[in-house]
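Notes to accompany the following structure.
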Amino acid sequence: MKKTLVSALTTALVVGAASTTFAASNPFSDVPADHWAYDAVSQLAADGVITGYGDSTFQGNRNITRYEMAQMIAKAMAKKDVSAADKAMINKLAAEFSDELNNLGVRVSNLEKHADNVKWTGKLEYTYSSTRAEDSTGKTNKKNLDEYVFRLEPTCEVNDHWDLHARLDANGELSQDSTTDVTLKRAWAQGNYKNLTVKLGKQELYTNEHGLVFDETFSGAAVTFGNQLKATLMAGRIGDPMNRNVWQKEDKLLSDSRNSIAAGANGNDTANFQGINLQYEGTKFDGGLGYYHLNSDNFKTLTADNNGDGVLDSSYYSNDNDEDSADIWSANLGYRFDAKNRLWGSYANNSKADYQDNAWQVEYDYGNYVPANKGSWSAYAAYRRMGQNASLCGTYDGVQKGSKGWEIGAQYAVFKNIGILAKYFDGDQLDNGKDVSKLFGRVEFFF
């Protein structure tokens, strides 16, 4: 075994450095003969990763030093078309001979960066929500949901500037013991340069007014450039521009008109989407502007049952029911008093809509919740008005789409990477003034 290994190693020498003569019984100098590196290098030689001299001959009479060994490892590290198993062996050998590699100018920190090109993070979350909404007859309807989501988020390194990202989810309702297959929710390529980020593919769409207009995904491209003042340009397609899954999830609890909208609207027409965000992030102040344009036949199908007879008798988007686009303008402004206290607000208006065409929110935050820091926590109080034709796909954990009212909440890291969240919303429905409330709780485990 040792003779075969010595032949393979000497064959692999690319740099003809003068050999240092030492005990021939141990070609690894002070490495024991039963060290795992013997088998590792033998396997790499058999796989063709470690190759011979230019004349393709074996020179088994040469002794191998640790320095020469590091030269071979450096050459193997530079190979691109290497199997995952061989790559793992190369990385392990490189860690063993890190001092020699450093002397050759091959930084071990760079090796560690590329040692595992795929990194996995994710979380498991359990969510309970209880929604109460009064209908036009004064009856209070209620809906409880007991759900879970298991999420995986791999990141794959392509080169020094580009990464691949994805999100895979499986979810279900605990009360029904249901589950789904793992579904690919997002997949995008991301290029990171100085003051420039490029994203291509199906990606997150969380807009700069704290998700007032969009907390969704879209398929397309996003380019962000700048430092303290940043501009983001976005263009692509959105599959559900009116976020009808919110109505479906709450089991049509809100007013009769929105029940009819959910039932009657055609949610199959994917919207064309373009947007721009300008955002300034200062030490104390932050603020920005946004503009979004969408085009979809979905907007022409937003009709309502105004008299409660089950017949759709009027438009719920534009007076003439012939508008197929949305033009939404937004603004946000915030002030940080210190490391724990912050006040902010945001506003959005859809100039194409005639009903529920504006949305706004004001929130005061205290604390600094970081799931990785046990004992960290935060709390907030907010007032929100979520006009559905301005807040198309906003954040609705607490507040209900098409309603206004007060919301309070808190988050606490009970252990490292384990957090609990609680929210409560109490308000009125925008189209009929009837009561609506929601209790929201979640436990999340990060890894």
Side-chain angles (χ1 to χ4, degrees), residues 120-133 142-153 167-183 185-186 204-207 210-212 214-217 243 245-251 253-254 340 342 344 361 363-384 386 391 393-403 405-427 436-447:
W120 292 86
T121 59
K123 70 175 181 176
L124 173 64
E125 63 181 36
Y126 297 99
T127 303
Y128 171 81
S129 64
S130 179
T131 306
R132 302 289 187 269
K142 60 183 178 180
K143 177 68 175 181
N144 296 336
L145 293 174
D146 195 3
E147 306 169 298
Y148 72 88
V149 174
F150 179 70
R151 175 168 295 158
L152 294 173
E153 296 184 285
R167 172 179 287 185
L168 302 98
D169 284 1
N171 56 75
E173 291 192 36
L174 294 173
S175 59
Q176 300 179 10
D177 193 28
S178 64
T179 190
T180 65
D181 294 333
V182 176
T183 304
K185 296 292 187 180
R186 300 176 187 172
E204 180 184 34
L205 178 60
Y206 186 84
T207 45
H210 304 274
L212 178 65
F214 289 109
D215 184 4
E216 258 289 342
T217 61
N243 206 8
N245 61 323
V246 172
W247 289 309
Q248 297 166 0
K249 197 172 186 180
E250 300 299 341
D251 200 24
L253 280 181
L254 299 188
K340 291 185 176 181
R342 183 167 182 259
W344 59 266
Q361 56 186 346
E363 181 172 314
Y364 175 77
D365 300 323
Y366 178 81
N368 187 20
Y369 169 69
V370 180
N373 296 339
K374 177 183 177 182
S376 65
W377 65 278
S378 64
Y380 71 89
Y383 187 88
R384 312 190 198 279
M386 311 301 276
S391 181
C393 307
T395 303
Y396 298 113
D397 287 342
V399 65
Q400 294 296 281
K401 188 179 179 78
S403 62
W406 290 95
E407 180 181 314
I408 58 173
Q411 306 170 96
Y412 178 68
V414 291
F415 299 104
K416 180 180 179 180
N417 295 327
I418 301 177
I420 57 174
L421 297 78
K423 302 180 181 183
Y424 178 72
F425 169 77
D426 184 64
V436 60
S437 64
K438 184 176 182 180
L439 177 64
F440 176 94
R442 174 174 290 168
V443 179
E444 47 190 10
F445 303 83
F446 297 88
F447 60 90

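Once rounded to the nearest 0.5 Å, the distance linking NZ of Lys123 with CZ of Phe446 reads 4.5 Å. Here Thr121 contributes atom OG1 and Arg167 contributes atom CZ; the two are 9.5 Å apart, rounded to the nearest 0.5 Å. Taking NZ of Lys340 as the start and CH2 of Trp377 as the end, the distance is 7.0 Å to the nearest 0.5 Å. Once rounded to the nearest 0.5 Å, the distance linking CG of Leu205 with CG of Asp215 reads 8.5 Å. To the nearest 0.5 Å, atoms CZ (Phe445) and CG (Leu124) are separated by 6.5 Å. To the nearest 0.5 Å, atoms OH (Tyr396) and CZ (Phe425) are separated by 11.0 Å.
Shown here for Thr395 and His210, the closest heavy-atom pair between the two residues is OG1-O, 4.4 Å. Counting all heavy atoms, side chain and backbone alike, Glu216 lies closest to Cys393 at CG-CB, 3.2 Å. Considering all non-hydrogen atoms of both residues, Tyr148 and Leu174 come closest at CD2-CD2, 3.6 Å. Nearest heavy-atom pair across Asn417 and Ala372 is OD1-CA, 3.4 Å. Closest approach of Val436 and Ser403 over heavy atoms only: CG1-CB, 3.9 Å. What you find for Arg151 and Phe447 is that their closest heavy atoms are O-CZ, 3.8 Å.
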Side chain to side chain contact (heavy atoms under 4.5 Å, CB included) evaluation trace for Ile420 with Val414: CA-CA 7 Å; Ile420 57 174; Val414 291; 4.0 Å; yes

Pair Trp406-Tyr383, ring pair (Phe, Tyr, Trp, His ring centres under 6.0 Å): steps then yes or no: CA-CA 5 Å; Trp406 290 95; Tyr383 187 88; 5.2 Å; yes

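A donor-acceptor pair under 3.5 Å is absent between the side-chain atoms of Ser175 and the main chain of Asp146, judged by distance alone. At distances below 3.5 Å, not a single donor-acceptor pair connects side-chain atoms of Ser376 with backbone N or O atoms of Ala413. Under the 3.5 Å distance criterion, the side-chain polar atoms of Ser178 are matched with a main-chain donor or acceptor of Glu173. For Thr179 (side chain) and Gly172 (main-chain N/O), no donor-acceptor pair under 3.5 Å exists by modelled atom type. No donor-acceptor pair under 3.5 Å is formed between the side chain of Ser129 and the backbone N or O of Phe440.
With no hydrogens or angles considered, no side-chain donor-acceptor pair links Ser437 and Asp426 at under 3.5 Å. Side-chain N/O atoms of Gln411 and Ser378 include a donor and acceptor closer than 3.5 Å.
Counting heavy atoms from C-beta outward, Glu444 and Leu421 have side chains that approach closer than 4.5 Å. Between Asn144 and Tyr128 the shortest side-chain heavy-atom distance falls below 4.5 Å. Here the side chains of Lys143 and Leu145 are in contact, with some heavy-atom distance below 4.5 Å. At least one side-chain heavy atom of Glu363 sits less than 4.5 Å from a side-chain heavy atom of Arg384.
Qualifying salt bridge (charged side-chain N to carboxylate O under 4.0 Å, His left out) partners for Glu204, counting only residues two or more places apart in sequence or in other chains: none. Residues that satisfy the salt bridge (charged side-chain N to carboxylate O under 4.0 Å, His left out) test with Arg186, not counting sequence neighbours, are absent from this structure.
Of the residues listed (Lys438, Lys423, Gln361, Met386), the one engaging Val399 in a side chain to side chain contact (heavy atoms under 4.5 Å, CB included) is Met386, and it is the only one.
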